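One structure is given below, encoded as structure tokens.
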Amino acid sequence: MSRLLYEIVESFRIAFAQLRAHKLRSLLTALGVIIGIVAVTMMGTAINGMNISFQRSLAMLGEDILHVQKWPWSNVDDWWNYVDRPPLRPEEAVALNRIIAATPNSLLEVAVPVMGHPQTVKRAGKEVEGVYTQGVTGDYGRILNVDFEAGRLFTDTEADDARAVCVLGADVAHALFPDRSSIGQTVVIGQHPFRVIGVLVHQGDFLGLFSMDNQAVVPLGAYRKYLGNHDETSLEVKVVDKKQIAAATDELEGDMRRVRGETPGERDNFNINQQEAFKQMLDPVENGIAIAGLFVTGLALFVGAIGIMNILFVSVKERTKEIGTRKALGARRRTILLQFLIEASAVSLVGGLVGLGITVIVAQVVSAAAPQLPIAVPPALIFLGLVVSVLTGVAAGFIPALGASRLDPVVALRYE
């Protein structure tokens, strides 16, 4: 065991001595590995960042919220099966809540009707267009998963009385009231004045599609009275335990069929949407990035492996007499094989370290330039990059190392 350890240590010493002696050659040899490791780590970092961003976006929707709507979130080819569905009505939330309350150990907690449409919000010469304005009931506070920067949500009494009060998203409040608090102030939504009673904390964008901070929330009665009574309605249903989301979905489907009076065998005329639909939309994107990244990585590592193999053949030729001398003095085939394998792995490992360094620097630059992007190199990815580097070196150096270990010492000593 001590002899093998000595051989490994000595092989590393010789390998790094060769790297120092031929710095430029070693760097050019490792270039393919550097490109390959940069590709695989950047791909992994991008996918990891996408997943983090995706999970943050889904958290905005609420992991324990089911959305009952007329249309599914996924793309549909048979649109004619959906277009004639009866629209959802706010009154159906009342009937659904009665069923939930009457169901022992129900997996559903509460259903909230939501009616929404983009509106222009104005105040004293300032205005924000395209503000997604939602009308909701007082139960909205039970499904709201975001804190308040200031103020509060309207009470059940305010909601039942259809009072003209509102809660603004952070961007809307800061745009209309850049130098003072918006609480207690009056804004005009559509054509009607509303008193601001709350401001939500900053949430960011949802999957880069729209800003969660560009919104306003008003009582449903006030929405129907002042902003429109014919906008599309959806029901947001809170689940008691998000770990039982599948069972809760089945219960909600049965309850909605009762609310809508559907007979057995009749096709559902509503859709229950959940986060899984967005995951299905993201999977092809991730798979496309992974396939493209693996192709570039494989190609770069293959070129790098060929480069390492080629330079190791050259190295074996240059040191043929040295190999002959060592074998004549008693060096085993294993010792020679180990020496050149470690030398190939050292070149590849240096390339991997350089590639990882480039990836970390790029990730830090991107994070500094765009703090909203969750770009960071996971430790597991760094470990994977090092392992891939070493394995590439071993695979590339095996044939030249095996040839060196099989040299006849007499022939090697006579080599010119």
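Heavy atoms only: backbone and side chains are in, while hydrogens, waters and symmetry mates are out. We're numbering straight along the sequence, starting at 1. Note that the structure is a prediction, hence the values are computed from the model and not measured.
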Specify the closest pair of heavy atoms between Cys166 and Val218, including all atoms of both residues, with the distance to one decimal. CB-CG1, 3.6 Å

Donor-acceptor pairs are to be reported for all side-chain atoms of residues 130-139 against protein atoms at under 3.5 Å, with residues two or more places apart or in another chain.
| unit_1 | atom_1 | unit_2 | atom_2 | d |
| --- | --- | --- | --- | --- |
| Thr133 | OG1 | Val131 | O | 3.2 |
| Gln134 | NE2 | Gln215 | OE1 | 3.0 |

Would you call Val239 and Leu66 a side-chain contact if the rule is heavy atoms closer than 4.5 Å? yes

Is a donor on one side and an acceptor on the other found under 3.5 Å between the side chain of Ser106 and the backbone of Thr103? no

Take atom CD in Glu266; do more than 12 heavy atoms of anything else shown fall under 6.0 Å from it? yes

Under the 3.5 angstrom rule, does the side chain of Thr155 hit a backbone N or O of Glu158 as a donor-acceptor pair? yes

Test: Arg142 and Glu236 ion pair at under 4.0 Å: no

Is there a donor-acceptor contact under 3.5 Å from the side chain of Arg152 to the main chain of Ile197? no

Please tell me if the side chains of Pro87 and Thr233 come closer than 4.5 Å, counting only heavy atoms from C-beta onward. no

Would you indicate whether the side-chain heavy atoms of Leu176 and Val128 approach each other to under 4.5 Å? yes

Donor-acceptor pair, Asn310 side chain versus Ile306 backbone, under 3.5 Å? no

Supply the atom-to-atom distance Asn269 CG to Arg260 CZ, rounded to the nearest 0.5 angstrom. 4.5 Å

Rounded to the nearest 0.5 Å, what separates atom CG in Asp147 from atom CD in Gln203? 9.5 Å

If I compare all heavy atoms of Val188 with all of Gly190, which pair ends up nearest, and what's the gap? CG1-O, 3.7 Å

Value for CG (Leu356) from CE (Met42), rounded to nearest 0.5 Å, stands at 12.0 Å

Show, in sequence, the C-alpha distance, side-chain angles and deciding distance for Ile65 and Val237, and conclude whether the side chain to side chain contact (heavy atoms under 4.5 Å, CB included) test is met. CA-CA 6 Å; Ile65 303 297; Val237 184; over 6 Å; no

With side chains defined as the heavy atoms from C-beta onward, is the minimum distance between Ile100 and Val110 less than 4.5 Å? no

Answer yes if the side chains of Asn271 and Gln69 hold a donor-acceptor pair under 3.5 Å, and no otherwise. no

Mind checking whether His174 and Glu149 have side chains closer than 4.5 Å, heavy atoms only? yes

Donor-acceptor contact below 3.5 Å, side chain Glu127 vs main chain Thr120: no

Distance col, row Asp213:CG vs Leu200:CG, nearest 0.5 angstrom, shows 8.0 Å

Here the gap from Phe194 atom CZ to Gln119 atom CD, rounded to the nearest 0.5 Å, amounts to 8.5 Å

Please find the pair of heavy atoms, one from Phe177 and one from Ser182, that lie closest to each other, and give the distance. CD1-CB, 3.2 Å

Is the closest basic N to carboxylate O distance between Lys70 and Glu232 below 4.0 Å? no

Which of Lys238, Gln274, Lys242 passes side-chain hydrogen bond (donor to acceptor under 3.5 Å, both in side chains) with Asp64? It is Lys238

Between Ser348 and Ala344, is there a donor-acceptor pair closer than 3.5 Å when you use the side chain of the first and the backbone of the second? no

Mind running side chain to side chain contact (heavy atoms under 4.5 Å, CB included) on Tyr140 and Val217 for me, showing each step along the way? CA-CA 10 Å; Tyr140 189 67; Val217 183; 4.1 Å; yes

Testing the basics here: between Gly228 and Met115, what is the closest heavy-atom pair and its distance to 0.1 Å? O-SD, 3.7 Å

Search all heavy atoms of Ile189 against all heavy atoms of Ala216 and return the closest pair with its distance. CD1-CB, 4.4 Å

For the residue pair Val112 and Leu235, establish whether any side-chain heavy-atom pair is separated by less than 4.5 Å. no

Using side chain to side chain contact (heavy atoms under 4.5 Å, CB included), reason through Thr186 and Val196 one step at a time and then give a plain yes or no. CA-CA 6 Å; Thr186 298; Val196 181; over 6 Å; no

Identify the heavy atoms of Ala248 and Leu108 that sit nearest to each other, and give their distance. O-CD2, 3.7 Å

Below 3.5 Å, can you tabulate the donor-acceptor pairs from side chains in residues 389-400 to any protein atom, sequence neighbours excluded?
| unit_1 | atom_1 | unit_2 | atom_2 | d |
| --- | --- | --- | --- | --- |
| Ser389 | OG | Gly385 | O | 2.8 |
| Thr392 | OG1 | Val388 | O | 2.7 |

Walk me through whether Arg258 and Glu253 qualify under salt bridge (charged side-chain N to carboxylate O under 4.0 Å, His left out). CA-CA 9 Å; Arg258 289 175 59 188; Glu253 182 181 4; over 6 Å; no

Run Gln185 and Arg180 through side chain to side chain contact (heavy atoms under 4.5 Å, CB included) and show every step you take. CA-CA 10 Å; Gln185 303 297 320; Arg180 57 173 165 161; 3.6 Å; yes

If you count the non-hydrogen atoms of other residues, nucleotides and ligands that lie under 6.0 Å from CG in Asn105, is the total more than 12? no

Would you compute the distance between atom CG of Leu252 and atom CD1 of Ile272 and round it to the nearest 0.5 angstrom? 4.0 Å

Measure the shortest side-chain to side-chain distance between Pro178 and Lys126 over non-hydrogen atoms and say whether it is less than 4.5 angstrom. yes

Counting only N and O atoms by type, is there a donor-acceptor contact under 3.5 Å from the side chain of Asn97 to the main-chain atoms of Ala111? yes

Any non-hydrogen side-chain atom of Ile382 less than 4.5 Å from a side-chain atom of Thr41? no

